[in-house]
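Here's the structure, in structure tokens; my notes come after.
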Amino acid sequence: MIERLNHVAIAVPDLERARAFYRDVLGARVSEIEDQPEHGVRTVFVALANTKVELLGVLGDRSPIRRFLERHPEGGIHHLCFEVDDILAARDRLRAQGLRVLGDGEPKIGAHGKPVLFLHPKDGFGTLIELEQR
Ligand code: CO
């Protein structure tokens, strides 16, 4: 069902500084900072040849990464995103195996304009997993 890692997301306390680190220190191609008000985050995408890194900063009081950053003040890996061909079929398959899909279980449009779902981190060995329709 999964073959491709779409991105690794890292929550960071200072998005400008993290963007500069990937661009100037590591020498990567980085996007501009984009606000994602419907997700409560600001994002920078680091384009690598075989995958991406998504840098996540807080946007607004109810940002879903605020609590994560309280527990990990220096930042940390927040989720992995795997691509699937059919997100509803993937959801149903995982639910049938007892996994918990976050929210109301309906795909939302993610940062790349494609439908996404998140799986409960306790079902993924402590790792939040995002599924994105290819
Ligand atoms: Co993501």
Side-chain angles (χ1 to χ4, degrees):
M1 187 176 79
I2 62 167
E3 289 183 0
R4 283 176 167 272
L5 176 68
N6 184 277
H7 60 269
V8 176
I10 302 176
V12 301
D14 182 335
L15 194 55
E16 281 82 1
R17 201 159 62 81
R19 180 176 183 271
F21 172 78
Y22 272 86
R23 184 190 58 196
D24 303 334
V25 179
L26 296 181
R29 279 185 290 134
V30 300
S31 73
E32 296 300 318
I33 294 175
E34 255 187 66
D35 287 359
Q36 315 272 354
E38 65 280 15
H39 298 288
V41 293
R42 311 170 76 206
T43 54
V44 168
F45 281 95
V46 180
L48 305 173
N50 59 345
T51 190
K52 296 185 279 275
V53 174
E54 177 183 63
L55 302 173
L56 294 173
V58 166
L59 181 67
D61 292 339
R62 301 195 315 162
S63 175
I65 65 165
R66 195 174 280 281
R67 261 191 38 222
F68 182 93
L69 284 171
E70 282 166 14
R71 293 196 304 269
H72 308 278
E74 283 153 36
I77 293 181
H78 184 263
H79 63 267
L80 302 179
C81 177
F82 301 117
E83 297 179 8
V84 296
D85 284 328
D86 180 337
I87 198 159
L88 294 177
R91 176 195 65 189
D92 293 345
R93 169 184 166 148
L94 295 169
R95 273 188 171 158
Q97 296 175 95
L99 273 75
R100 289 165 283 184
V101 177
L102 299 188
D104 63 7
E106 293 308 314
K108 303 260 185 307
I109 297 304
H112 313 109
K114 295 181 175 169
V116 302
L117 284 173
F118 286 91
L119 306 177
H120 199 295
K122 286 192 174 154
D123 295 336
F125 300 92
T127 304
L128 178 61
I129 292 176
E130 177 179 21
L131 299 176
E132 180 178 290
Q133 183 150 295
R134 210 190 308 271

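Both ligands and their constituent atoms are indexed starting at 1 by order of listing. Treat the numbers as computed from the prediction; the structure is a model and nothing was measured. Side chains are part of it too, since the values below use all heavy atoms of this structure and drop only hydrogens, waters and symmetry mates.
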**Q.** Near the Co ion (ligand 1) (under 2.8 Å) - protein N, O or S atoms
**A.**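 Per the 2.8 Å query on the Co ion (ligand 1), atoms found are His7 NE2, Glu54 OE1, His79 NE2, Glu130 OE1.
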
(Q) Please determine whether a side-chain nitrogen of the Lys or Arg among Glu3 and Arg134 lies less than 4.0 Å from a carboxylate oxygen of the Asp or Glu. (A) no

Q.
So for atom CZ, which belongs to Arg23, do other residues, nucleotides or ligands contribute more than 12 heavy atoms lying within a distance under 6.0 Å?
A. yes

(Q) So for atom CZ, which belongs to Arg17, do other residues, nucleotides or ligands contribute more than 12 heavy atoms lying within a distance under 6.0 Å? (A) no

Q: May I ask you to decide if the ring planes of Phe45 and His112 are parallel, tilted or perpendicular, using 30° and 60° as cut-offs?
A: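 The arrangement is tilted - the two ring planes meet at 30° to 60°.
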
Q: Calculate, to the nearest 0.5 Å, the distance between atoms CG and CG belonging to Leu128 and Leu102 respectively.
A: 6.5 Å

Q. Of Gln36, His7, Glu34, Glu54, which is the lone residue that meets side chain to side chain donor-acceptor pair (under 3.5 Å) with Thr43?
A.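 Answer to the side chain to side chain donor-acceptor pair (under 3.5 Å) test with Thr43 among Gln36, His7, Glu34, Glu54: Gln36.
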
